[in-house]
Amino acid sequence: MNEIIAKTRNAIPGISLISPPPHHDIYSIEDLAQLIFDLKNINPSAAVSVKLVAESGVGTIAAGVAKAKADLIVISGAEGGTGASPASSMRFAGISPEIGLAETQQTLVKNGLRNQVRLQTDGQLKTAKDVIIMAMLGADEFSFGTLPLIVLGCVMMRKCNTNTCPVGVATQDERLRARFMGKSEYVVNFFTFLAQQVREYLSEIGVHKLKDIIGHTELIEIQSSSVTDKQKTIDFSRLLYQSATDLPLYWDRSEFTKVCGVKDEEIIKEVQKSIDEQEETTLDFAIKNTDRAVGTMLSGVIAKKYGEAGLPDGTINIKFKGSAGQSFGAFAVKGMSLRLEGEANDYFGKGLSGGRISILPSRGSNAEFHAEDNIIAGNTGLYGATSGELYVNGQVGERFGVRNSGAIAVIEGAGDHCCEYMTGGRVVVLGKTGRNFAAGMSGGVAYVYDPDHTFDYFCNMDMVEINLVEDTVSRKELLELIRQHYLHTGSALAGRMLDDWQRYVEDFIQVVPIEYKRVLQEEQMAKLSQKIAEVQRDY
């Protein structure tokens, strides 16, 4: 991985990345609906698109996606995919987009959902005839991938992932990129001619607009005179079936679904002056589990005004009391500090982008209540975080810190699959972890408190190595992280560790990806060599 890709993926050059990592925040239509809700909070003006693979049963899934308030559904078929797709996948996986598109159109029409969502399709579309047929089967929009690349000079070498594209289309090698002969005018001309041919077909059919044929499968005729006896056995009746409805068979250009009535609308009004003038503000709110994605819309407003820089640290400080719904503090940006006294549902701190989140038990908890022995936050916390801090005075659920690429987190216990696909940042676990810790972890460092010396049984050792925390730098780093945890949550466990640090530090395990450690060592050696060269030059 080179510098450009490393910057894009928020990783460091020289380490391997699993691409793409599985979407472990989506296991059901309800999970997808929550993600769509999160995205509409962070950017209320955006259209949310969901891509589905053409297959038998895709119509039912598409109906769920439409009910989850997606604005655009893409039905992707044929042997599509990236140029790095395995040959076996291109030859034997995937079905024609017509099959998935027809089923999706019929299901959406039957459920009265078709006019509410845009329907797009792709998969080896190359001619105006392909566009016309897909429109008759129900598509509003059409995607082209392979053909525009060929127009730009692609010769289909299928080596996109090796950085060796011979015509310079898909490579970062400057020598190969010099061979690129494509021009934007070529693509403009291609689509101009394609649109012209589509208009000619529409004229032959006798309609004025493309929407006049969308979903009208009765316009498709089977040429029985030019087919073989075997081809005549194919039954197209289910593919060309048209459900009776009074609603439009296409997207009626209605407005995209907007998020309204969320708690952030009230919060934004209270902190508007802080956003505009960067004036420090502290607020208190009650919260309940129906308040989802709290802090997300506020993050979007700040990001729209200040970009990645956000606000100065500690500008907006909000304290919540109660049970937070899903996605508490999702995408929280720099300058936001969210403190929750109570408990949080799934996806807390998802996509954390510079903000600070603290979760701790209610101050009114029973004196016999030990936070470190109880789960206080749900699954998939800190998913896809890029920067910021998270402190949890208690245990969290499964898949914590998946795809974390830069955030700092301290928790007091975790379920299975903690730190999965992690590529950066720091995670400290002051208690027990579940199975499969650090699976696919290629960057960052984790520290785990292991007084029973059983952690190696729970850790996935395929890409990482575990060591005692022996060097001075690591010990200082771990000590400071626990100090910050105590500062922001008042954790009794963190307090005990700080009081007897020399004893507790001996039971911590450091988890470091093997490649990550190698790259860091190479960087240190390079810096040392540079310093030696400078000293020698001075003398």
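All of these numbers come straight from a predicted model, not from anything done at the bench. The chain is numbered in sequence order, starting from 1.
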K.L.:
Less than 4.5 Å apart, side chain to side chain, heavy atoms only: is that true for M157 and V167?
P.N.:
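No, every pair of side-chain atoms sits at 4.5 Å or beyond.
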K.L.:
Scan residues 52-69 for pairs that pass salt bridge (Lys or Arg N to Asp or Glu O under 4.0 Å), counting only residues two or more places apart or in two chains.
P.N.:
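The answer is none; no pair qualifies.
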K.L.:
For I357 and F348, what are the C-alpha separation, side-chain angles and deciding distance, and is it a side chain to side chain contact (heavy atoms under 4.5 Å, CB included)?
P.N.:
CA-CA 9 Å; I357 299 175; F348 58 97; 6.0 Å; no
K.L.:
Which is it for Y383 and H23 under the side chain to side chain contact (heavy atoms under 4.5 Å, CB included) test, yes or no, and what are the steps along the way?
P.N.:
CA-CA 10 Å; Y383 181 87; H23 295 283; 4.1 Å; yes
K.L.:
Quick one: list whatever passes side chain to side chain contact (heavy atoms under 4.5 Å, CB included) with S405, sequence neighbours left out.
P.N.:
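Only N10, T386, R403, T423 meet the side chain to side chain contact (heavy atoms under 4.5 Å, CB included) criterion with S405.
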K.L.:
Any salt bridge linking R518 with E522? Criterion: basic side-chain nitrogen under 4.0 Å from a carboxylate oxygen.
P.N.:
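Looking at E522 together with R518, the answer is yes, because their closest N to O distance falls below 4.0 Å.
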K.L.:
Please identify each residue that fulfils ring-ring contact (aromatic ring centres under 6.0 Å, His included) with F144, with sequence neighbours left out.
P.N.:
F191
K.L.:
What residues form a salt bridge (Lys or Arg N to Asp or Glu O under 4.0 Å) with D416, not counting sequence neighbours?
P.N.:
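Here the qualifying residues are R435.
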K.L.:
Going by salt bridge (Lys or Arg N to Asp or Glu O under 4.0 Å), name the pairs with one or both residues in residues 28-46, residues two or more places apart or in two chains.
P.N.:
D38-K350, K40-D71
K.L.:
Going by side chain to side chain donor-acceptor pair (under 3.5 Å), name the pairs with one or both residues in residues 247-258, residues two or more places apart or in two chains.
P.N.:
N115-D252, D252-S254
K.L.:
Does the side chain of I75 come within less than 4.5 Å of L119's, by heavy atoms?
P.N.:
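Yes, their side chains come closer than 4.5 Å.
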K.L.:
Using distance alone, with no hydrogens and no angle criterion, decide if S327 and Q34 have a side-chain donor and acceptor under 3.5 Å apart.
P.N.:
yes
K.L.:
Residues two or more places apart in sequence or in another chain: which of them pass ring-ring contact (aromatic ring centres under 6.0 Å, His included) with F328?
P.N.:
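Expected list: F320.
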K.L.:
Cut-off 3.5 Å, no hydrogens considered: what does the side-chain donor-acceptor table look like for residues 304-313, sequence neighbours left out?
P.N.:
{"unit_1": "Y306", "atom_1": "OH", "unit_2": "I275", "atom_2": "O", "d": "2.5"}
{"unit_1": "D313", "atom_1": "OD2", "unit_2": "R356", "atom_2": "NH2", "d": "3.3"}

K.L.:
Under the salt bridge (Lys or Arg N to Asp or Glu O under 4.0 Å) test, which residues partner R199, sequence neighbours left out?
P.N.:
none
K.L.:
Take a 6.0 Å sphere around NZ of K126 and say whether it holds more than 12 heavy atoms from other residues, nucleotides or ligands.
P.N.:
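Enclosed.
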K.L.:
Can you sort out the partners of D264 under salt bridge (Lys or Arg N to Asp or Glu O under 4.0 Å), two or more places apart, ordered by chain and number?
P.N.:
none
K.L.:
Which residue pairs pass the salt bridge (Lys or Arg N to Asp or Glu O under 4.0 Å) test when at least one of the two sits in residues 212-228, sequence neighbours left out?
P.N.:
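Residue pairs passing salt bridge (Lys or Arg N to Asp or Glu O under 4.0 Å), neighbours aside: none found.
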K.L.:
Out of K110, Q242, R114, which one pairs with Q105 under the side-chain hydrogen bond (donor to acceptor under 3.5 Å, both in side chains) rule?
P.N.:
R114
K.L.:
Within a strict 4.5 Å, meaning less than it, do heavy atoms of the L137 and L240 side chains meet?
P.N.:
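They are in side-chain contact.
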K.L.:
Just jot down the salt bridge (Lys or Arg N to Asp or Glu O under 4.0 Å) partners of R399, sequence neighbours excluded, or say none.
P.N.:
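Partners of R399 under the salt bridge (Lys or Arg N to Asp or Glu O under 4.0 Å) test: E420.
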K.L.:
Evaluate S143 against Q120 for side chain to side chain donor-acceptor pair (under 3.5 Å), listing each step before the verdict.
P.N.:
CA-CA 7 Å; S143 297; Q120 186 182 112; 2.4 Å; yes
